[in-house]
Amino acid sequence: MTAQQGLPLDVSGAAEHPEPLDRAGLAARVARDVPAYAYVNLGIGQPTTVADHLDPAQGVVLHTENGMLGMGRAAHDDEVDPDLINAGKVPVVEPPGASYFHHADSFAMMRGGHLDVCVLGAFQVSAAGDLANWHTGAPDAIPAVGGAMDLAIGAKQVFVMMSLFAKDGSPKIVPSLTYPATGLACVDRVFTDLGVFAVDHERGRVVLLEAYGTTAADLAERLTGA
Amino acid sequence: MTAQQGLPLDVSGAAEHPEPLDRAGLAARVARDVPAYAYVNLGIGQPTTVADHLDPAQGVVLHTENGMLGMGRAAHDDEVDPDLINAGKVPVVEPPGASYFHHADSFAMMRGGHLDVCVLGAFQVSAAGDLANWHTGAPDAIPAVGGAMDLAIGAKQVFVMMSLFAKDGSPKIVPSLTYPATGLACVDRVFTDLGVFAVDHERGRVVLLEAYGTTAADLAERLTGA
Amino acid sequence: MGRTTFHTDPVEALAGVADGDTVLVGGFGMAGMPVRLVDALIDVGAKGLTIVSNNAGNGETGLAALLKAGRVAKVICSFPRQADSYVFDGLYRAGEVELEVVPQGNLAERMRAAGAGIGAFYTPTGVGTLLAEGKEQRTIDGRDHVLEMPIRGDWALIAAQAADPMGNLVYRKTARNFGPVMATAAATTVVEVRETVDLGAMDPEAVVTPGIFVDRVVTS
Amino acid sequence: MGRTTFHTDPVEALAGVADGDTVLVGGFGMAGMPVRLVDALIDVGAKGLTIVSNNAGNGETGLAALLKAGRVAKVICSFPRQADSYVFDGLYRAGEVELEVVPQGNLAERMRAAGAGIGAFYTPTGVGTLLAEGKEQRTIDGRDHVLEMPIRGDWALIAAQAADPMGNLVYRKTARNFGPVMATAAATTVVEVRETVDLGAMDPEAVVTPGIFVDRVVTS
């Protein structure tokens with residue numbers, strides 16, 4: 001199950017790094033690609049940890065879809081205010097310069113293309129940049145989408161952050177999705193423990209930018225069998 | 001030009017009053033039909049004068065489409081604030097309990113059917129309740145619609161306030177519009193100097209409720225030639 | 001029609017809720033959740049309700065209690081499945097409650113459309129997904145869109161920070177969430193507030209929900 | 001991208017306006033009119049502009065001056081004709097400026113759609129009128145609707161009361177009008193403000209336009 005025929009993958013220009021990225025390293029690597037002064041939405045779960053690696057000097061402003069721009073860090077102890085939470089329902093703090101708005105305005109902000117970057121987890125990303133992150137497709141699963149489909153189509157750039165291989169060893173970058181789609185042709189960059197990839201939308205292929213803890217050739221073999 | 005064949009008009013139940021309504025009397029008559037605690041938009045021009053005849057005890061709340069609910073009376077002398085105007089661009093005052101909002105929210109309020117009454121001037125109203133009040137249809141006229149089409153379709157009840165006959169003597173309640181329409185089947189009640197009419201939307205006819213300064217029979221003859 | 005009414009009894013404030021009604025329920029998680037009104041809705045006893053809310057209840061309180069009491073025929077929400085949404089999960093798997101999953105932005109925008117007199121709108125959200133199946137599509141400026149219809153409530157039950165005598169509302173921090181949108185989208189909007197303020201005490205520039213959208217206020 | 005920039009020279013703040021651009025101009029009458037920016041737009045010299053604004057100028061100042069200077073190819077507005085709109089009137093009758101008249105609510109909603117990522121929407125406004133001629137119609141729930149498309153600006157020029165260093169804006173009274181909507185609908189939004197306030201001095205609950213929509217601020 002590990003190699004896939006037909007994944008259009010270009011590894012020719014990839015840089016190689018000796019160590020794989022651990023969770024903190026991956027979050028830091030994503031943070032490095034967030035442009036200065038960007039407006040950014042960090043998806044629930046692992047993407048949230050990117051915030052810890054943003055340099056305040058970058059001037060990045062965080063959006064949370066439950067109605068806040070300029071969201072602060074997680075709240076601790078007596079900072080916790082049940083009226084002030086992020087999209088993952090974790091209490092956060094209010095830094096100076098924040099603003100609040102209702103859900104329709106918040107999603108208008110997102111869907112209107114005003115966010116520069118959103119960072120999402122994924123089950124799968126296809127060579128065309130299709131994203132699957134909301135539904136396993138299991139027949140007895142209860143569907144629950146939250147804001148995933150809005151985030152997938154709304155931001156100027158969509159970053160995915162995930163492990164490159166599933167627990168069963170199968171690649172999560174795939175020729176075409178086998179899980180139900182969240183959005184089509186929406187992913188721009190994929191950050192994983194073993195490699196950072198760009199989606200080349202014009203040519204419908206995935207380009208390895210950096211390999212971590214392995215070689216470009218090894219990744220090519222594990223992803224394409226070639 | 002004064003009588004029109006084919007205007008479906010019922011004058012059978014009309015009350016008769018000896019004097020015609022002057023401008024103030026007409027405004028007072030309209031005000032009397034505004035329900036207590038109604039949210040009301042008063043169109044530019046003559047409809048604005050209805051405000052002077054609303055009893056504060058009625059608790060009517062005025063909306064102005066340039067972004068204010070709970071609009072106050074016209075401002076005088078040093079009350080004038082160029083940032084605080086009504087839709088006719090006349091300075092007004094801010095009573096306690098007012099609120100401000102932007103143009104999209106203001107028209108959402110109107111178009112979403114949240115206003116109870118709007119009062120508009122008109123060139124013509126048809127038996128079906130079609131309204132013409134934005135364009136004379138003259139070939140060299142520069143079209144200008146403002147909020148008229150939004151008001152026409154937005155309020156729960158649309159009141160029209162006008163003279164019953166044009167300067168050339170032709171009736172302004174007509175079998176069907178000869179002026180360009182502002183909205184179709186939108187007018188509920190027509191208040192004029194000589195009579196108050198209800199539009200019976202189900203039967204597509206106009207019902208004279210009250211005659212002023214004339215008789216029901218005379219109005220029937222002048223409006224229908226019958 | 002105006003004159004917002006004020007109540008201390010939330011059951012009284014829900015007078016008129018009938019079997020089969022559609023009820024919009026505010027809140028994102030517990031922030032902005034109208035806890036007293038949802039509890040009162042159980043006491044009111046109406047059955048066969050359609051509940052529109054972001055989530056489908058946690059544990060056995062609030063919406064979960066309403067579900068458990070068998071009052072809900074259908075849930076329209078973006079995210080029913082949570083760690084402790086076992087009441088919903090059980091009813092859903094038993095086929096006792098219908099589910100319409102809606103992307104969160106479409107949920108908000110469809111209610112906004114209902115409140116704003118928009119008959120329908122085209123959005124790129126959901127294109128090419130299971131949630132767009134059977135929906136009309138249209139390509140606009142080279143981008144595919146799905147046609148979405150308004151979601152209208154017979155009732156909106158929301159929570160706010162404060163109301164003034166005109167029914168004007170302000171919210172607090174991210175507890176604002178769906179409240180202002182739902183208030184516009186329902187025939188009757190009922191709001192539970194933490195405080196009431198005197199006429200003139202609320203900054204007209206800072207009012208979030210003008211009183212025109214507020215029919216009944218429940219105070220503590 | 002963030003970091004709203006602050007300028008004292010309005011001409012500098014309009015750097016980049018090019019021939020043929022679409023410019024959304026705030027204000028309803030003089031309330032909320034970005035007077036300095038409109039004057040600066042004349043100095044910038046771009047031609048063949050499409051101007052989207054509620055009115056089409058009064059007397060010979062502001063938009064009327066821009067029109068008189070021959071910079072405007074098309075006006076999209078709800079109400080061009082006013083007592084002293086003789087500059088526009090003359091150009092229109094001479095066929096030197098194109099006019100698209102849009103019902104005021106559609107004007108606001110079409111810009112809101114552009115800012116909110118709505119591809120198109122159905123509205124009952126204008127059904128059966130000259131302004132709906134040639135537009136697609138659809139009956140929804142028994143009511144006729146017209147399909148309306150977004151109006152997007154290359155630029156929005158608006159006025160606000162105050163900005164903070166994040167670009168967050170508050171307005172004053174009915175001078176708010178089109179400003180918050182236009183700010184969302186343009187590629188670049190330029191705002192003239194009466195005052196700037198320190199970071200943290202603006203109430204986050206009362207911000208009307210979050211800084212994400214504000215690119216450049218002109219201070220006095």
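Naming convention: chains lettered A, B, ... in sequence-line order (proteins, then strands); numbering from 1 in each chain. Side chains included, hydrogens not; waters and symmetry mates left out as well; all remaining heavy atoms used.
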Which bit of Ser99(A) comes within less than 4.5 Å of chain C, counting heavy atoms only: side chain, backbone, both or neither? neither

Can you say whether Val208(C) sits under 4.5 Å from chain A via the side chain, the backbone, both, or neither, judging by heavy atoms? neither

Return the option, out of Ala132(A), Gly147(A), Gly67(A), with the maximum number of heavy-atom pairs under 4.5 Å with chain C. Gly147(A)

Do the side chain of Arg172(C) and the main chain of Leu84(A) share a donor and acceptor less than 3.5 angstrom apart? no

Under a 3.5 Å threshold, yes or no: a donor from one side chain and an acceptor from the other, between Asn58(C) and Lys89(A)? no

Is the charged tip of Lys173(C) near the ring of Tyr100(A): under 6.0 Å from the six-membered ring centre and within 45° of its axis? no

Euclidean distance, Phe79(C) CZ relative to Ile44(A) CD1, rounded to 0.5 Å: 6.0 Å

Surrounding CZ of Arg73(A) (heavy atoms of other residues, nucleotides or ligands, distance under 6.0 Å), is the total greater than 12? yes

Residue selection (most heavy-atom pairs with chain A, distance under 4.5 Å) from Pro80(C), Gly32(C), Gly128(C): Pro80(C)

Taking Asn66(A)'s backbone N and O only, do any of them form a donor-acceptor pair with Thr174(C)'s side chain (distance below 3.5 Å, no angle check)? no

In short, Gly105(C) meets Phe107(A) closest at the heavy-atom pair CA-CD2, 3.2 Å

Using modelled atom types and a 3.5 Å cut-off, is there a donor and acceptor pairing between side-chain atoms of Arg81(C) and backbone atoms of Ile142(A)? yes

Apply the side-chain contact (heavy atoms from CB on, under 4.5 Å) test between Gln104(C) and each candidate in Met149(A), Met110(A), Glu65(A); give the one that qualifies. Glu65(A)

Pairs of heavy atoms under 4.5 Å with chain A: top-ranked of Asn55(C), Asn106(C), Val102(C), Asn54(C): Asn106(C)

Tell me the closest heavy-atom pair linking Leu130(C) and Pro180(A), and the distance in Å. CD1-CB, 3.8 Å

Shortest non-hydrogen separation from Val145(A) to Pro103(C) and the atoms involved: CG1-CA, 3.6 Å

Roughly how far, to the nearest 0.5 Å, is the CG atom of Asn177(C) from the NE2 atom of His102(A)? 11.0 Å

Give, as side chain, backbone, both or neither, the part of Asp144(C) having an atom under 4.5 angstrom from any heavy atom of chain A. neither

Against chain C, work out which of His135(A), Glu94(A), Met68(A), Met71(A) has the most heavy-atom pairs shorter than 4.5 Å and name it. Glu94(A)

Between Glu109(C), Met30(C), Arg93(C), Arg112(C), which has the largest tally of heavy atom pairs under 4.5 Å with chain A? Arg93(C)

Test side-chain hydrogen bond (donor to acceptor under 3.5 Å, both in side chains) applied to Asp83(A) and Arg176(C), Arg194(C), Gln161(C), the passing residue: Arg194(C)

Would you say that more than 12 heavy atoms from the other residues, nucleotides or ligands in this model lie under 6.0 Å from the CZ of Arg203(A), or not? no

Part of Pro82(A) lying under 4.5 Å from any heavy atom of chain C: backbone

Residue Phe88(C) versus chain A: region with a heavy atom under 4.5 Å: side chain

Between Phe178(C) and His103(A), what is the ring plane arrangement, given parallel below 30°, perpendicular above 60°, and tilted in between? parallel

Asp105(A) versus chain C, heavy atoms under 4.5 Å apart: side chain, backbone, both or neither? neither

Heavy-atom pairs under 4.5 Å with chain A are the metric here; pick the option from Val181(C), Leu131(C), Leu107(C) that has the most. Leu131(C)

Heavy-atom side-chain contact between Tyr92(C) and Pro143(A) under 4.5 Å: yes

Does NZ belonging to Lys47(C) count more than 12 external heavy atoms closer than 6.0 Å? no

Rounded to the nearest 0.5 Å, what separates atom CD1 in Ile153(A) from atom OG1 in Thr129(C)? 11.0 Å

